[in-house]
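Working notes, beginning with the structure itself.
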Amino acid sequence: MTFPVVGMVGGGQLARMTHEAGIPLGIRFKLLSDTPQDSAAQVVSDVVVGDHRDLDTLRRFARGCDVITFDHEHVPTGHLRALEADGIPVRPGPDALEHAQDKGVMRARLDGMGVPCPRHRLVRDPADVAAFAAEGTGGTGSAGGTAGSGGADSAPGGAFPFPVVLKTVRGGYDGKGVWIVRSVEEAALPFRAGVPVLAEEKVDFTRELAANVVRSPHGQAVAYPVVESVQVDGVCDTVIAPAPGLAPARSAEAQQLALRIAEELGVIGHLAVELFETADGRVLVNELAMRPHNSGHWTQDGAVTSQFANHVRAVLDLPLGDPRPRARWTVMANVLGGDYPDMYTAYLHCMARDPQLKIHMYGKDVKPGRKVGHVNTYGDDLADVRERAAHAAGYLRGTIQE
C-alpha cells in the first residue's frame, strides 16, 4: 500500500503539530518552509526551502504531493488556482480560502448569508473613517443589523462614535494589522501602507468565543465544543474548553453557525470561527481561519481526536474522528517568550508540580512576546485547571519563580 503525501505550505508550529498528528497514520509530509530553522522544518524529513509567493516554487514543491494544505493563509489566490489547474488538489481551495485571506471579501459574503457581524465598511481615508464613526446604527453594515457599541462612548441620538477598529484587509494576525483609533488623526496610520482598510465598530463584548469545525470533501463535518478565548494585547493567552457558563442553546447556535459557514464557503479541513459574545446577548462573527487554530490547541490532550488529526483526515477525505472532550474541563495557556531563554531547566519544576501537565514546545528561539509553546491541563475543577495552566505557562516564561 502506498501512503499519500501531504504537502504543507508554511513551516510554523501549526505545520509541526499537523505533521505530528499524521505520524501514527503513516502519512508522509512534504514541507515548503521559509527557512531550514522554521518550527516544522526541524522535524519534517522532506523540506523544500522557498518562497510561497513564487508560483514556480509552488509548482516544483507540489510535484509528488497528493494534496496541498497550509499552516497560514498567505499564498496568493491566483497561485492556488494555477495549482488546481495543474491537477493538484488544494484544501481548502482558493474559493474558500479567499474568505480567510481578505476581510473585505469575508464580510461581504457573510453579509450575503445573513451572518451576524460587527457593523463595518471599507474606508478610503481618515475622513471616510470619521464619516463611518458618525453614522447611526441603522446605516450600512452587517446583515445581522447589529447595534453600535453603546456605553459611555455613545453619541446622542444613537450615532456610532469613536473608537473605531481599523484592519488591513489582508495579512494581519495576532493583533498585527489592527488598530483601535480614537480620532481622525489616529486614523491616518493604517493608510500609510497603501492597502485597503476595513472599519468596524468596536463591539461591546463580554468575552471572545471560538467555534472550531472540520469538514471533508464528501461533506462529513464535526464540531468541537465552543471555547472561551482570552486575549492579552491582541494575542491569545488562554483557551477554556468548553466555554464556562455558555448556555447549551447558545453553544449549539454557535456550532451550527460555524458548520453552515464551512458548508456554504466550501471549506475543506479545519475552520475556526472567532466570535464576540456581546453584553446584550448576541454572538457576532469576528474572524475566520481556515487551518488549525490556536483556539483548538486544547484538543491535542483534551479531545478524542485533535484538530490536527482531523485536519489531516479531512484533506485526505478520510472519515473524521470523534471531537468530544475527554475531560470536563481543558485549559490551554500559551507560553510566550520573555527574558528567560532557557525554558528547558523549568521542566523539572513544572513536571514535578503537575504530573498531568502536557507541554508542547515549538522549537523557536525565545523572543519577548513570541509564541514559543503552549501547555494543556485538564480535570473536573475549573479553578484548579486554570491555575495549573497559568502557573506552568508563567514558570516556563520566567514570570513565576515558585
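Owing to the predicted nature of the structure, the values given are computational and were not obtained by experimental measurement. All residue numbers in this chain count up from 1 along the given sequence.
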SB check [X] [Y] (cutoff 4.0 Å):
X: Arg170; Y: Asp102; value: yes
X: Glu98; Y: Arg109; value: no
X: Arg28; Y: Asp46; value: no
X: Arg121; Y: Asp128; value: yes
X: Asp111; Y: Arg107; value: no
X: Arg260; Y: Glu264; value: yes
X: Arg282; Y: Asp280; value: yes
X: Arg81; Y: Glu84; value: no

Keeping [X] on the side-chain end and [Y] on the backbone end, is there a donor-acceptor pair under 3.5 Å?
X: Glu186; Y: Arg182; value: yes
X: Asp125; Y: Ala127; value: yes
X: Gln231; Y: Cys236; value: yes
X: Asn334; Y: Leu336; value: no
X: Thr299; Y: Gly302; value: no
X: Ser33; Y: Ala41; value: no
X: Arg207; Y: Thr278; value: no
X: Glu274; Y: Leu209; value: no
X: Thr377; Y: Val385; value: yes
X: Arg397; Y: Gly337; value: yes

Let me see the working for Arg59 and Asp86 under side-chain contact (heavy atoms from CB on, under 4.5 Å), right down to the final yes or no. CA-CA 9 Å; Arg59 280 180 159 145; Asp86 292 342; 2.7 Å; yes
Cation-pi check, Lys30 onto Phe61 ring (under 6.0 Å, within 45° of axis): yes
Six-ring centre of Tyr362, Arg370 cation under 6.0 angstrom, axis tolerance 45°: no
What class does the angle between the rings of Tyr224 and His270 fall in, given that below 30° is parallel, 30 to 60° is tilted and above 60° is perpendicular? tilted
For the residue pair Phe29 and His19, does the interplanar ring angle fall in the parallel (under 30°), tilted (30 to 60°) or perpendicular (over 60°) class? perpendicular
Judged by modelled atom types alone, do [X] and [Y] share a side-chain donor-acceptor pair under 3.5 Å?
X: His79; Y: Asp54; result: no
X: Thr330; Y: Asp301; result: no
X: Thr18; Y: His311; result: no
X: Lys364; Y: Gln37; result: no
X: Gln307; Y: His297; result: yes
X: Thr345; Y: Tyr340; result: yes
X: Gln101; Y: Thr77; result: yes
X: His293; Y: Asn212; result: no

If you define the side chain from C-beta out and look only at heavy atoms, does anything of [X] sit under 4.5 Å from [Y]?
X: Pro126; Y: Phe191; value: yes
X: Tyr378; Y: Lys358; value: yes
X: Leu357; Y: Arg388; value: no
X: Phe70; Y: His52; value: no
X: Asp71; Y: Arg291; value: no
X: Val6; Y: Leu316; value: yes
X: Gln300; Y: Phe308; value: yes
X: Phe276; Y: Asp204; value: no

Using every non-hydrogen atom in the two residues, find where [X] and [Y] come nearest and quote the distance to one decimal.
X: Ala346; Y: Leu396; answer: CB-CD2, 3.9 Å
X: Asp38; Y: Gly11; answer: CB-O, 3.3 Å
X: Pro325; Y: Trp298; answer: CB-CZ3, 4.3 Å
X: Gly104; Y: Leu122; answer: CA-CD2, 4.4 Å

Run the side-chain contact (heavy atoms from CB on, under 4.5 Å) test on Val331 and Thr238 for me, step by step, so that the C-alpha distance in whole Å, both residues' side-chain angles and the decisive distance to 0.1 Å come before the verdict. CA-CA 7 Å; Val331 173; Thr238 304; 3.7 Å; yes
Interatomic distance, [X] atom [atom1] to [Y] atom [atom2] [nearest 0.5 angstrom]:
X: Met290; Y: His72; atom1: CE; atom2: NE2; result: 15.5 Å
X: Arg60; Y: Leu32; atom1: CZ; atom2: CG; result: 10.0 Å
X: Leu198; Y: His120; atom1: CG; atom2: NE2; result: 6.5 Å
X: Phe205; Y: Leu284; atom1: CZ; atom2: CG; result: 11.0 Å
X: Ile359; Y: Met343; atom1: CD1; atom2: CE; result: 10.5 Å
X: Glu287; Y: Leu275; atom1: CD; atom2: CG; result: 11.0 Å

Assess the residue pair Ile240 and Val227 against the criterion (side-chain contact (heavy atoms from CB on, under 4.5 Å)); give the C-alpha distance rounded to whole Å, side-chain angles, the decisive distance to 0.1 Å, and a yes or no. CA-CA 6 Å; Ile240 307 168; Val227 300; over 6 Å; no
Heavy atoms from other residues, nucleotides or ligands near [atom1] of [X] exceed 12 (cutoff 6.0 Å):
X: Arg386; atom1: CZ; result: no
X: Arg324; atom1: CZ; result: no
X: Asp342; atom1: CG; result: yes

Check step by step if salt bridge (charged side-chain N to carboxylate O under 4.0 Å, His left out) holds for Glu200 and Arg119. CA-CA 6 Å; Glu200 294 183 350; Arg119 195 175 71 90; over 6 Å; no
Start with the C-alpha gap between His374 and Gln13, add the side-chain angles, then the distance that decides, and say whether side chain to side chain donor-acceptor pair (under 3.5 Å) holds. CA-CA 11 Å; His374 68 271; Gln13 65 263 25; over 6 Å; no
Show your reasoning for whether side-chain contact (heavy atoms from CB on, under 4.5 Å) applies to His360 and Val375. CA-CA 6 Å; His360 301 269; Val375 298; over 6 Å; no
